Amino acid sequence: MILATWNVNSINTRLTHLLDWISFVKPNVVCLQETKIVDEKFPFSELEALGYSIQVYGEKSYNGVAILSDKPLSNVVRGLHQEVGPGSRRTIAGSYGDIRIVDVYIPNGGEVGSDKYAYKLEWLSSLQSYMANERAKHENLVLCGDFNIAPDDRDVYDPKEVNGTIMCSEAERNALEAIRATGLVDVFRKVHDQAGLFSWWDYRMNAFRRNIGFRIDHIWASPLMADKVKTIYIDREPRKLEQPSDHAPVVAEFL
DNA sequence: ATGGTGGATGGTCCA
């Protein structure tokens with residue numbers, strides 16, 4: 001089973017890249033973030049033509065998540081707990097056979113100490129309780145998406161430069177660790193331990209060419225599920241194209 | 001401290 005996660009930064013602008021990439025990689029499940037589109041306007045037909053069933057939870061201009069799957073998901077849940085409304089369409093979950101999949105777009109957080117940062121930490125706390133509940137219910141569980149947090153020094157281009165700033169602050173990393181401690185494994189780190197493997201590069205300052213990046217897009221799984229990983233990689237190819245998303249897709253294959 | 005770029009939008013906000 002091949003599962004991918006990709007922050008596309010607008011499904012409309014990235015649709016051609018997404019269709020080409022999916023046709024090449026042929027994932028069974030694709031978790032998308034930052035679709036930036038209301039559900040009625042999602043490009044269903046183009047993706048259905050590739051054989052995918054689609055579940056969406058979007059809003060105008062900002063945020064928005066979706067899951068594409070080659071067989072329909074069951075028990076789809078939108079949002080964390082009871083939250084509704086704009087600014088919060090960041091989570092969609094569903095069951096692919098006996099695998100529970102949770103797709104998240106964790107808030108960016110602006111700058112450390114800002115209102116947005118406080119919101120990010122609150123949101124992470126809410127995700128922790130959500131995931132504790134999911135973990136209690138599902139033996140095979142995947143949490144994936146744009147976490148907007150680089151877990152450790154290997155996941156940033158220059159720890160001395162960025163530790164303590166957004167995506168790399170102690171409070172964010174502690175909150176992320178608390179979510180992991182509900183019973184999940186960073187599948188990428190189960191396979192690769194080297195530094196400098198990033199999933200996001202700022203559009204500015206030729207950051208991609210200079211590999212000034214961060215590993216903030218993740219696939220986490222419950223232990224038995226993580227044990228079944230065959231390969232996991234970050235696909236930098238789409239980031240090299242004209243008009244790319246600033247994020248690269250992450251792909252995992254499970255036996 | 002600022003600004004560098006890109007998406008949605010039609011002013012700025014967000015990342």
Side-chain angles (χ1 to χ4, degrees), chain A residues 5-21 31-43 46-47 56-66 79-80 83 85-91 103-124 127 144-151 155-158 160-169 171-173 175-176 198-218 234 236-250:
Chain A
T5 177
W6 194 4
N7 178 325
V8 290
N9 189 14
S10 167
I11 186 87
N12 272 342
T13 299
R14 227 63 63 198
L15 186 58
T16 303
H17 286 2
L18 178 63
L19 292 170
D20 289 350
W21 186 80
C31 293
L32 301 173
Q33 304 87 36
E34 281 205 275
T35 51
K36 297 187 172 179
I37 198 162
V38 292
D39 294 349
E40 310 84 73
K41 293 184 179 174
F42 193 94
E46 294 90 335
L47 289 155
V56 295
Y57 188 47
E59 62 187 274
K60 188 180 176 182
S61 305
Y62 306 113
N63 310 314
V65 285
L80 288 180
E83 75 178 22
S88 56
R89 296 196 163 189
R90 299 172 174 275
T91 310
D103 175 18
V104 294
Y105 172 49
I106 293 178
N108 170 285
E111 287 182 22
V112 172
S114 67
D115 289 349
K116 287 178 192 165
Y117 182 74
Y119 174 71
K120 182 179 194 174
L121 294 178
E122 283 173 27
W123 203 94
L124 286 162
L127 180 61
C144 69
D146 176 1
F147 290 14
N148 268 315
I149 300 172
D155 303 315
V156 303
Y157 68 95
D158 183 350
K160 285 194 286 295
E161 182 78 16
V162 300
N163 278 354
T165 68
I166 199 67
M167 303 191 293
C168 308
S169 71
E172 288 167 272
R173 284 172 166 171
L176 192 63
F198 306 135
S199 67
W200 176 81
W201 305 260
D202 201 294
Y203 283 123
R204 297 166 286 193
M205 312 292 284
N206 290 311
F208 180 63
R209 186 179 54 74
R210 299 156 66 196
N211 201 31
I212 295 178
F214 297 78
R215 192 177 70 92
I216 57 175
D217 299 272
H218 303 288
I234 299 167
R236 296 161 59 102
E237 293 306 313
R239 188 64 176 80
K240 300 173 181 173
L241 302 173
E242 292 294 314
Q243 280 196 290
S245 169
D246 42 355
H247 295 254
V250 185

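All figures in this text were calculated on a predicted structure; none of them were measured in a lab. Chain letters run A, B, ... following the sequence lines, proteins first and then strands; every chain starts at 1.
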Going 5' to 3' through nucleotides 7-12 of chain B and flagging B where a protein heavy-atom sits under 4.0 Å of the base, S where only the sugar-phosphate is that close, and - otherwise, we get BSS---
For Ser114(A) and Glu111(A): C-alpha separation, side-chain torsions, deciding distance, then whether side-chain hydrogen bond (donor to acceptor under 3.5 Å, both in side chains) applies. CA-CA 6 Å; Ser114(A) 67; Glu111(A) 287 182 22; over 6 Å; no
Nucleotide [N], atom [atom2] - distance to [atom1] of [X] in whole Å:
X: Glu59(A); N: dC13(B); atom1: CD; atom2: C1'; answer: 13 Å
X: Asn63(A); N: dC13(B); atom1: CG; atom2: P; answer: 16 Å
X: Gln33(A); N: dA15(B); atom1: CD; atom2: P; answer: 14 Å
X: Asp202(A); N: dG6(B); atom1: CG; atom2: C1'; answer: 9 Å
X: Glu111(A); N: dC14(B); atom1: CD; atom2: P; answer: 13 Å
X: Asn108(A); N: dA15(B); atom1: CG; atom2: C1'; answer: 5 Å
X: Asp146(A); N: dC14(B); atom1: CG; atom2: P; answer: 17 Å
X: Met205(A); N: dG6(B); atom1: CE; atom2: P; answer: 13 Å

Taking the [atom1] atom in each of [N] and [M], what is the distance between them to the nearest angstrom?
N: dG10(B); M: dC14(B); atom1: P; result: 15 Å
N: dA15(B); M: dG4(B); atom1: C1'; result: 13 Å
N: dG3(B); M: dT9(B); atom1: P; result: 26 Å
N: dC13(B); M: dT2(B); atom1: P; result: 16 Å

With distance as the sole test, does His17(A) use its side chain to make a donor-acceptor pair with the main-chain N or O of Arg239(A) at under 3.5 Å? no
Counting only N and O atoms by type, is there a donor-acceptor contact under 3.5 Å from the side chain of Lys120(A) to the main-chain atoms of Asn148(A)? yes
Among Phe147(A), Phe198(A), Tyr157(A), exactly one meets ring-ring contact (aromatic ring centres under 6.0 Å, His included) together with Phe214(A). Which residue is that? Tyr157(A)
Report yes if at least one side-chain N or O of Arg90(A) is closer than 4.0 Å to OP1 or OP2 of dA15(B); otherwise report no. yes
Evaluate the side-chain proximity of Leu18(A) to Ile11(A): yes if any heavy-atom separation is below 4.5 Å, no if none is.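 Answer yes - side chains close enough.
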When we call it a touch if two heavy atoms are under 4.0 Å apart, what does Tyr105(A) touch: a base, just sugar-phosphate, or nothing? sugar-phosphate
Over 60° means perpendicular and under 30° means parallel, so classify the ring planes of Phe208(A) and Trp201(A), tilted if in between.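 The rings of Trp201(A) and Phe208(A) stand perpendicular, inter-plane angle above 60°.
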In terms of heavy-atom contacts, does NZ of Lys160(A) have more than 12 from other residues, nucleotides or ligands at under 6.0 Å? no
